[in-house]
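Here the structure is a predicted model, which means the values were calculated and not measured. Labels below follow one simple rule: chain letters A, B, ... track the order of the sequence lines, proteins then strands, and each chain is numbered from 1.
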Protein chains: 2
Amino acid sequence: MKKITKYVIKNSLKRIFLYRACLVRLKMMGVEKVFSYTLANETGVTSDQVRKDFSEFGIRGNKRGGYEIDELLGKMEKIFHRNKDHNIVLIGMGNLGLALSKYQRFVQRNMNIVATFDIDPFKQKIRSDIPVYSPDRMKEIIDRFRVRIAIIAVPEVSAQEVCDDLVRLGIKGIINFAPQLLKAPPEVIVNNVNLCDELESVIYYVHKQIKADGQKNIELLYRDMKY
Amino acid sequence: MKKITKYVIKNSLKRIFLYRACLVRLKMMGVEKVFSYTLANETGVTSDQVRKDFSEFGIRGNKRGGYEIDELLGKMEKIFHRNKDHNIVLIGMGNLGLALSKYQRFVQRNMNIVATFDIDPFKQKIRSDIPVYSPDRMKEIIDRFRVRIAIIAVPEVSAQEVCDDLVRLGIKGIINFAPQLLKAPPEVIVNNVNLCDELESVIYYVHKQIKADGQKNIELLYRDMKY
DNA sequence: ATTATAATGTGAAGAAAATCACAAAATATG
DNA sequence: CATATTTTGTGATTTTCTTCACATTATAAT
């Protein structure tokens, strides 16, 4: 059945990403070893949390010796299947799609956008490293490159249709930038990234923060009044 | 102290975004009322969860009558401070920055990018609805438009520097697209959006899914063998 | 008007996640 | 080599989040 797959990235996984980013930076700085509290300080979590997370993902260090950065990064590569290449297709070459197609960091992490698609024949003439095809060639390309992951960057109205097509063609994971909750079979992973929501949540927390600060000031005021 | 502020969007808040997207769609379809289970079905959560979330955010409906969509959306507007306009600056007019500056949906949600900045004098000549300034005019613009929220879309290497500048100029909330964990004072909200991580987590869950499916098939096999 | 029904709202229970706390192990020191 | 120190890894505890279950209330039916 086609349904909403409630998909939320686990917080522990998000923290693993944090740790990795941090490790990459430390490595570049010439550091070779870290302790749980090093990572903790750098990422804003507790050292217990770091160790619990490592334990969850089967990462072990040396008692008293901490963790070898190279070894850690190697383990993480495995967790994220970075050892093999991942062929990806991108649908929708609007502003965002174009930007994503040029995003060099995907390649650096073994995620290769092998082709992009757009219904607009004008867009199909964009000259770039990655070819822009008409959607009717999707099956051919997906089969040829054994693509299992897709990026949706089409307008809201066509997102669900594109998603249905992709699922039919054997795509197993989708990252969706259209502000439209996609319905897909439960075995297909759909990560809905909503840029507006991300920005709005910043506004939400800023306001909350400001309110909390106000409250704290009032409390301070009351405290002062006692004396 | 300048430190990593561990900032994670609460899952309940993310669900509120889901509900809202869903409500907007239902409203467009002419629906006026919803029940907790309507939203639950549409968003892939349980109806209890919907009611608990509403309760957390102080949203109340009518027993037996469900919720008026208009009223719900009104309450949500208040939660996200959509009643007032939010002036935003964007720093970095590379591929992603340019795409974000053209993203119409921000405006539709009362989030106005009033100015963008780039050190590249060539970029400053981009002609678009939103002006591209040299970074040395940041103070002027931020003050004039009372900007409190910023979008960082600069390369990794300059992200922290830009962040420091923004904080100094009174910015209270940042959404950061550079793949670099930003250090900021704890009272400043920083939402790090890492596109690679988002895509990689899809790959992670796809592989997990495939592994789980394999396991299920093995289990089925064993079950069959009993007969 | 009375009864039946269907939905909310929320304490209680259960599950999951984070923190605590300490034994075990590895390294350093004398 | 023995002892002290430091850090890991993980059960136990606490906290947070989710689900359950049902009293309460609004609407519908008779």
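Residue A:F57 contributes atom CZ, which lies 13 Å from atom C1' of C:dA17 at whole-angstrom precision. The separation between A:K52 atom NZ and D:dT15 atom P is 16 Å, rounded to whole Å. Here D:dT24 presents its P atom at 14 Å from CZ of B:R60, a figure rounded to the nearest Å. Rounded to a whole Å, the CD atom of A:E56 is 15 Å from the C1' atom of C:dT19. What separates NZ of B:K75 from P of C:dT8 is a distance of 13 Å, to the nearest Å. The distance from atom CG of B:N11 to atom P of C:dA16 is 14 Å, rounded to the nearest whole Å. Straight-line distance from the CG atom of B:L39 to the P atom of C:dG9: 12 Å, rounded to whole Å. Taking atom CD of residue B:E68 and atom P of nucleotide C:dA7, one finds them 15 Å apart after rounding to whole Å.
B:Y37 comes within 4.0 angstrom of the backbone, heavy atoms only, and of no base. As judged by a 4.0 angstrom heavy-atom cut-off over every strand, A:K33 is placed among residues making no nucleic acid contact. Within the 4.0 angstrom heavy-atom criterion, no nucleotide atom of any strand lies near B:G65. Looking at heavy-atom distances under 4.0 Å, A:S36 makes contact with sugar-phosphate atoms alone, never a base. The residue A:G66 sits close only to the backbone: its heavy atoms come under 4.0 Å of sugar-phosphate atoms, none of a base. As judged by a 4.0 angstrom heavy-atom cut-off over every strand, A:F54 is placed among residues making no nucleic acid contact.
Using a cut-off of 4.0 Å between Lys/Arg side-chain N and Asp/Glu carboxylate O, B:R146 and B:D85 are scored as not salt-bridged. Between A:R15 and A:E56 no salt bridge is recorded (no basic side-chain N to carboxylate O distance below 4.0 Å). Between B:E200 and A:R20 there is a salt bridge, since at least one side-chain N of the basic residue sits less than 4.0 Å from a carboxylate O of the acidic one.
Taking side-chain N and O atoms only, A:R51 has no distance below 4.0 Å to OP1 or OP2 of C:dT19. Phosphate contact (OP1/OP2 of C:dT10, side-chain N/O of B:S55, threshold under 4.0 Å): present. Contact check, A:Y67 against D:dG9: a side-chain N or O comes under 4.0 Å of OP1 or OP2.
Map A:N62 and A:K10 each onto its nearest nucleotide of DNA chain C; the residue landing nearer the 5' end is A:K10.
Using cut-offs of 30° and 60° on the angle between ring planes, the pair A:F80 and A:F17 is parallel.
Side-chain atoms of B:K63 and base atoms of D:dT27 include no donor and acceptor less than 3.5 Å apart. Counting atom types as modelled, A:R64 pairs a side-chain N or O with a base atom of C:dT27 as donor and acceptor under 3.5 Å.
Distance from the side chain of B:Q49 is smallest to D:dT19 among C:dT10, C:dT5, D:dT19. Of the candidate nucleotides C:dG9, D:dC20, C:dT19, D:dC20 has the atom nearest to the side chain of B:D48. Across D:dT18, C:dT8, D:dT10, the shortest atom-to-atom separation from the side chain of B:R15 is found for D:dT18.
The shortest distance between side-chain heavy atoms of B:Y204 and A:I189 does not fall below 4.5 Å.
A:Y19 pairs with exactly one of A:F54, A:Y67, A:F57 by the ring-ring contact (aromatic ring centres under 6.0 Å, His included) rule, that one being A:F54.
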